[in-house]
Structure formats: C-alpha cells, structure tokens
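Whatever order the structure lists ligands and atoms in, that order sets their numbers, starting from 1. Note that the coordinates shown come from a computational prediction; the quantities given were computed from them, not determined experimentally.
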Amino acid sequence: MTYAKEPLKKTLVLATRNAGKIKELESLLSGYGLHVLGLGDFPEIGEIEETGATFAENSLLKARTVAKATGLVALADDSGLMVDALGGAPGVYSARYSDPGATDERNNQKLLDVMQDIPEEKRACRFVSVVAAVAPNGVELLAEGRWEGRVLFAPRGSGGFGYDPLFLDLELGQSAAELSHADKNARSHRGSALRALLADWPDFWARASR
Ligand code: ITT
C-alpha cells in the first residue's frame with residue numbers, strides 16, 4: 001500500500017536569543033515553506049560568545065556554532081547601530097553599549113547622554129544587519145542590509161526593540177518604534193538583508209543538501 005505523503009518541510013534554526021529579532025525574522029520567513037525552530041528547542045546550546053570584530057564575523061560565528069550543534073541549517077543575524085558622530089559606535093557593541101549586562105533602556109540612555117550636545121544635522125546614523133545561513137556540510141551564505149536615519153533627542157514610540165525609539169526614518173518622519181511590524185520589516189536593515197539572502201535561497205539549499 002502507498003501513502004500520499006506531504007513533502008517534508010525544510011527545517012531552519014534561528015541562531016538568536018533576541019526576542020525582537022525572532023519576531024521580525026519569523027515574519028520575514030513566513031510563506032517560504034520552512035519549519036522554523038529557535039534556540040529554545042536546543043537548551044543544550046549555551047551562550048555563544050561574540051568575539052568577532054565585524055558584523056559578518058559574529059553572524060558567521062553564531063550560525064556556524066548552531067549548525068554544528070544541531071546538524072541543521074542555522075540562520076543568524078548580527079546587527080547594530082552605527083553613528084557617524086561617534087566614529088561608527090556603538091557598532092558591533094550595540095547590545096552591550098552601556099555595560100556588560102545592558103538593557104535596551106540603559107543603552108538608549110547612554111546614547112542620549114553621549115550625544116546630548118551634538119546638533120541635529122550631525123546626528124546621522126544607520127542600522128546594519130548581516131545575516132548568515134550556514135549548513136552542517138559547511139555551505140555558507142551571507143547578506144547585508146542597511147537603514148539610514150538620524151538619532152533623535154528623546155525616545156518616540158513603543159514598538160520594536162533596542163534603539164528603535166531613538167532612530168528616526170527621515171523619509172517617513174517616524175521613529176522605528178512608531179512603525180507597524182510590517183512597515184519596519186519593509187524598510188529595515190534586517191528586512192533588506194534577509195530579502196537579499198532569500199534571493200539566493202534555492203541555490204543555497206541545493207548546495208546545503210549535497
Ligand atoms: P543575538 O546575538 O542572540 O542575536 P543580540 O541582541 O546580542 O542577540 P547582536 O549582538 O546582533 O544581538 O546585537 C544587536 C543589537 O543592536 C541589539 O541588541 C540592539 O541593541 C541593536 N539593534 C539591532 N537591530 C536593531 C533593530 O532592528 N532595532 C533596534 N535596535 C537594533
């Protein structure tokens with residue numbers, strides 16, 4: 001007797017513990033027929049130390065660690081805010097800008113403090129995201145996205161996460177924390193990076209399956 005089987009969904013593990021990123025990545029990946037797991041499904045994977053000097057290095061480090069530990073394709077995002085007036089800081093240190101155990105609130109307060117005397121026209125910044133997909137057989141794919149903006153003088157909005165309340169999208173005249181989930185994904189560094197990655201997805205998956 002034969003059974004009609006549903007084709008097995010391709011499984012992917014998100015190599016991040018940041019709840020804000022998880023929400024955004026899950027929504028960007030929906031519709032691609034993927035079975036998406038998270039690090040919560042693999043409690044044996046401990047803290048992954050980010051020792052890289054660039055977003056790409058850290059993103060690859062996270063995805064490689066999780067692909068190796070799970071035997072599944074892993075997708076990581078390393079991202080941050082780069083402020084021109086601060087020479088690109090906080091950059092790769094965005095998550096722990098205020099102190100090693102930083103919170104979004106303390107990071108935002110530190111950014112406001114160090115920039116309090118910097119005038120509006122010198123507050124240009126950008127969010128950068130590098131997403132990495134790594135397969136257990138060693139095949140890798142990287143893509144980068146950027147989102148240009150300006151650092152606000154006070155928080156605006158209650159959506160998003162991280163530095164969103166301080167990031168002004170000049171074209172929209174709204175902070176990232178004032179945008180709907182869908183609007184942020186349509187404009188953000190992470191959305192652009194993931195769309196670029198997904199453009200090469202069929203070829204990546206064919207090579208990942210060899
Ligand atoms: P994982 O390493 O587990 O993914 P993380 O929060 O430590 O989580 P990163 O090292 O990539 O991730 O740090 C990214 C930080 O940059 C994040 O904690 C925010 O402070 C900031 N950031 C990145 N993308 C952002 C976004 O879309 N909106 C606001 N802040 C963002």
Q) In terms of residue, atom name and distance, what is the protein heavy atom nearest to atom 28 (N) of ligand 1? A) Asp164 OD1, 2.7 Å
Q: Evaluate side-chain contact (heavy atoms from CB on, under 4.5 Å) for Leu166 paired with Met115, printing each intermediate quantity in order.
A: CA-CA 11 Å; Leu166 295 182; Met115 294 192 67; over 6 Å; no
Q: Find all atoms of ligand 1 within a distance of less than 4.0 Å from any non-hydrogen atom belonging to Asp78, and give their numbers and elements.
A: 9 (P), 10 (O), 11 (O)
Q.
Which residue and atom name correspond to the protein heavy atom nearest atom 1 (P) of ligand 1, and how close is it?
A. Thr16 OG1, 3.5 Å
Q.
Using a 4.0 Å cutoff against the non-hydrogen atoms of Ser94, which atoms of ligand 1 qualify?
A. 15 (C), 16 (O), 20 (O)
Q. Can you say whether the rings of His189 and Trp147 are parallel (under 30°), tilted (30 to 60°) or perpendicular (over 60°)?
A. parallel
Q: Under 4.0 Å from a heavy atom of Glu50: give me the atoms of ligand 1 that qualify, with their elements.
A: 2 (O), 7 (O), 10 (O)
Q. So does Tyr93 have more than 12 non-hydrogen atoms from other groups sitting under 6.0 Å from OH?
A. no
Q.
Would Asn107 count as being in polar contact with ligand 1, using the rule that some N or O on each side must be under 3.5 angstrom apart?
A. no
Q: Please report which non-hydrogen protein atom sits nearest to atom 23 (C) of ligand 1, along with the residue it belongs to and the distance in Å to one decimal place.
A: Ser79 OG, 3.1 Å
Q | Enumerated ligand 1 atoms positioned under 4.0 Å from heavy atoms of Lys184 | A | 26 (C), 27 (O), 28 (N)
Q) Within 45° of the axis and under 6.0 Å from the centre of the six-membered ring of Phe153, does NZ or CZ of Arg123 qualify? A) yes
Q.
Could you work out, for atom 22 (N) of ligand 1, the closest of Tyr97, Tyr93, Phe161, Phe167 by heavy-atom distance?
A. Phe161
Q. Under 3.5 Å between some N or O of ligand 1 and some N or O of Asp104?
A. no
Q.
Considering non-hydrogen atoms of the protein only, which is the closest contact for atom 3 (O) of ligand 1, and what is the distance?
A. Arg17 N, 2.9 Å
Q. At what distance is the nearest protein heavy atom to atom 20 (O) of ligand 1, and which residue and atom is it?
A. Tyr163 CE1, 3.2 Å
Q) Would you say the side-chain atoms of Asn137 pair up with the backbone N or O of Arg207, donor to acceptor, closer than 3.5 Å? A) yes
Q: Using a strict 4.0 Å cut-off to heavy atoms of Lys21, name the atoms of ligand 1 that fall inside it.
A: 1 (P), 4 (O), 5 (P), 8 (O), 9 (P), 11 (O), 12 (O)
(Q) Side chains of Thr16 and Asp77 only: does a donor on one sit below 3.5 Å from an acceptor on the other? (A) no
Q: Among all protein heavy atoms, pick the one closest to atom 18 (O) of ligand 1 and tell me residue, atom and distance.
A: Ala95 CB, 3.5 Å
**Q.** Contact check: Arg190 vs ligand 1, nitrogen or oxygen atoms, below 3.5 angstrom
**A.** yes
Q) Near Glu49 CD, under 6.0 Å, is it more than 12 heavy atoms from other residues, nucleotides or ligands? A) no
Q) Can you tell which of Asn185, Val92, Asn18 gets a heavy atom nearest to atom 17 (C) of ligand 1? A) Asn18
